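Remember, predicted model here, so these are calculated numbers, not experimental data.
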Amino acid sequence: MEDNNLYVPDNDIKTAKSSFAIYQNENVKYEGKEIPLNNFAYRIQSGFFQAIDIEIINAVYLLNYATSRQITYFLNIVRNIDVNQSTISKRLSKLNNSSVIARYSFVSDDRTTETSTKCYVLRDNGKKLLIRREYPCDWNVLNCDLLLDNIKSYLAFNNYILKLLKENLLKFEDITFINENSKINCTYSINNYKHFVITLRSNFELNNIEKALVYIDSKYGSITNTRIIFIGEDDVHLFNIFKSLLLLIQKQIIPVKYLNNVIFTQDLRIIERNIDNFFIKYKISENKAILEDSQLQEFSIK
């Protein structure tokens, strides 16, 4: 993938706080459009929808919630389509205006107007187009509950997965997505290591972590050569996740063995750093938790 396909290359992104973090009193703002059914039918019959539109709709479906940047990444890396973010953004506007996908932005106390971060979600008309073009699609409206933390979690998770795909560490079809009731985003294997990815936002509850780890323990049992990767908003948030893990261990809800398999990263590390140095671990020394960078050996084997 060429970084010049993006409005701003990864290395040039400078921000103090992730766009995918939860802001104070933040809400999701709907910016979708409605058109009559006969208008939609006319657009199909008139050839309004281009081949790239179907690929964009499919990317939105597979990513659940996605920004124009993430869709561009996906098409460049996974679908091997050389297209830039400017083109994607223009087509997304047309698709939103055609009631094929829906656009959302975010409003909060810190940002009183809709933000520059827009995300896109599939709509029923988009599903109809995919099936019409023989793309598999089992989406239904219940897949999009539009809870703020779910949307932000998906967006943060997408950034992580797209980073791995960009580095050719795995293929999209090798990722197993897990029912969100388990609070686990996905699992995949790299060089004989099995990874479970869990994305949390700052408003997470203790039982989110409990559900995820109990699911792994009950379904897989052995955690040999296993990494449990928590993605948080920032380093302070990661420390709160770590403290929650210690509390679950203290209450004997999860076994202490999991501490050896847990590793952390956060939104800005994923954006700003190379994959071989954006992970951290916590080490207990003299009753203090010390944060230290951690490299995963499976990512260094090429």
**OP:** Walk me through it: do L259 and L246 pass the test side-chain contact (heavy atoms from CB on, under 4.5 Å)?
**Re:** CA-CA 8 Å; L259 277 186; L246 294 181; 3.9 Å; yes

Can any side-chain N or O of [X] pair as donor or acceptor with the backbone N or O of [Y] at less than 3.5 Å?
{"X": "N39", "Y": "P36", "result": "no"}
{"X": "D267", "Y": "S18", "result": "no"}
{"X": "N208", "Y": "E205", "result": "yes"}
{"X": "N185", "Y": "T199", "result": "yes"}
{"X": "D276", "Y": "F299", "result": "no"}
{"X": "N97", "Y": "S93", "result": "yes"}
{"X": "R273", "Y": "F279", "result": "no"}
{"X": "E233", "Y": "I22", "result": "yes"}
{"X": "Y65", "Y": "K152", "result": "no"}
{"X": "S99", "Y": "K33", "result": "yes"}

Pairwise distance [atom1]([X]) to [atom2]([Y]) - rounded to 0.5 angstrom:
{"X": "K128", "Y": "W139", "atom1": "NZ", "atom2": "CH2", "answer": "10.0 Å"}
{"X": "E292", "Y": "K281", "atom1": "CD", "atom2": "NZ", "answer": "8.0 Å"}
{"X": "K90", "Y": "I88", "atom1": "NZ", "atom2": "CD1", "answer": "11.5 Å"}
{"X": "L95", "Y": "R43", "atom1": "CG", "atom2": "CZ", "answer": "10.0 Å"}
{"X": "I81", "Y": "T87", "atom1": "CD1", "atom2": "OG1", "answer": "12.0 Å"}
{"X": "E31", "Y": "Y120", "atom1": "CD", "atom2": "OH", "answer": "8.0 Å"}

**OP:** Determine the interplanar angle of the F264 and F242 rings, folded into 0 to 90°, and report it as parallel if under 30°, tilted if 30 to 60°, perpendicular if over 60°.
**Re:**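 Judged by the thresholds at 30° and 60°, the geometry between F264 and F242 is perpendicular.
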
**OP:** Any chance you could lay out the side-chain contact (heavy atoms from CB on, under 4.5 Å) test for L206 and L248, step after step, and finish with the verdict?
**Re:** CA-CA 8 Å; L206 188 64; L248 289 171; 3.9 Å; yes

Subject >> L169, L162, N168 screened by side-chain contact (heavy atoms from CB on, under 4.5 Å) with L165, the one that passes >> reply: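 The single option meeting the side-chain contact (heavy atoms from CB on, under 4.5 Å) with L165 is L162.
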
**OP:** Please determine which of I216, V197, I178 meets the side-chain contact (heavy atoms from CB on, under 4.5 Å) test together with T187.
**Re:**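 Among the candidates, only I178 passes.
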
Does any non-hydrogen side-chain atom of [Y] lie less than 4.5 Å from one of [X]?
{"X": "N159", "Y": "L155", "value": "no"}
{"X": "V100", "Y": "F49", "value": "yes"}
{"X": "N158", "Y": "I161", "value": "no"}
{"X": "I190", "Y": "L164", "value": "yes"}
{"X": "F230", "Y": "L245", "value": "yes"}
{"X": "C186", "Y": "F157", "value": "yes"}
{"X": "L129", "Y": "F40", "value": "yes"}
{"X": "K194", "Y": "N225", "value": "no"}

Do the side chains of [X] and [Y] get close enough for a salt bridge, i.e. N-O under 4.0 angstrom?
{"X": "E55", "Y": "R91", "value": "no"}
{"X": "D293", "Y": "R269", "value": "yes"}
{"X": "D217", "Y": "K257", "value": "yes"}

Original post:
If you draw the axis of the six-membered ring of F48, does the NZ or CZ of K94 fall within 45° of it and under 6.0 Å from the ring centre?
Top reply: no

Subject >> Face-on cation placement of K183 at F204 ring, 6.0 Å and 45° thresholds >> reply: no

Subject >> side-chain contact (heavy atoms from CB on, under 4.5 Å) between I229 and F196, intermediate numbers included >> reply: CA-CA 6 Å; I229 299 170; F196 294 91; over 6 Å; no

With the 4.5 Å side-chain cut-off for hydrophobic clustering, are [X] and [Y] part of the same group?
{"X": "V262", "Y": "Y193", "value": "no"}
{"X": "V214", "Y": "L247", "value": "no"}
{"X": "L170", "Y": "I263", "value": "yes"}
{"X": "Y188", "Y": "F172", "value": "yes"}
{"X": "L62", "Y": "I131", "value": "no"}

Residue pair [X] / [Y]: nearest heavy atoms and the distance that separates them:
{"X": "I198", "Y": "A212", "answer": "CD1-CB, 3.5 Å"}
{"X": "I35", "Y": "S98", "answer": "CD1-O, 3.4 Å"}
{"X": "G32", "Y": "N96", "answer": "CA-OD1, 3.4 Å"}
{"X": "H237", "Y": "R201", "answer": "NE2-O, 3.1 Å"}
{"X": "L92", "Y": "S68", "answer": "CD1-CB, 3.6 Å"}
{"X": "G126", "Y": "I57", "answer": "O-CG2, 3.7 Å"}

Subject >> Verdict with reasoning, F239 to K243, per side-chain contact (heavy atoms from CB on, under 4.5 Å) >> reply: CA-CA 6 Å; F239 184 61; K243 288 192 296 183; 3.6 Å; yes

**OP:** Evaluate the side-chain hydrogen bond (donor to acceptor under 3.5 Å, both in side chains) criterion for residues T226 and N261: first the C-alpha distance (whole Å), next the side-chain angles of each, then the deciding distance (0.1 Å), finally the verdict.
**Re:** CA-CA 6 Å; T226 296; N261 298 78; 5.1 Å; no

**OP:** Could you walk me through whether Q266 and D235 pass side-chain hydrogen bond (donor to acceptor under 3.5 Å, both in side chains), step by step?
**Re:** CA-CA 7 Å; Q266 43 102 323; D235 287 350; 3.0 Å; yes

Original post:
Quick check: are there more than 12 heavy atoms from other residues, nucleotides or ligands sitting under 6.0 Å from CD of Q250?
Top reply: no

Subject >> Chi angles and distances behind the side-chain hydrogen bond (donor to acceptor under 3.5 Å, both in side chains) call for Q295, N277 >> reply: CA-CA 6 Å; Q295 291 185 326; N277 67 354; over 6 Å; no

Original post:
What do the steps show when you test Y61 against D138 for side-chain hydrogen bond (donor to acceptor under 3.5 Å, both in side chains), and what is the final call?
Top reply: CA-CA 9 Å; Y61 161 58; D138 60 3; 2.7 Å; yes

Subject >> E134: salt bridge (charged side-chain N to carboxylate O under 4.0 Å, His left out) partners, not counting sequence neighbours >> reply: none

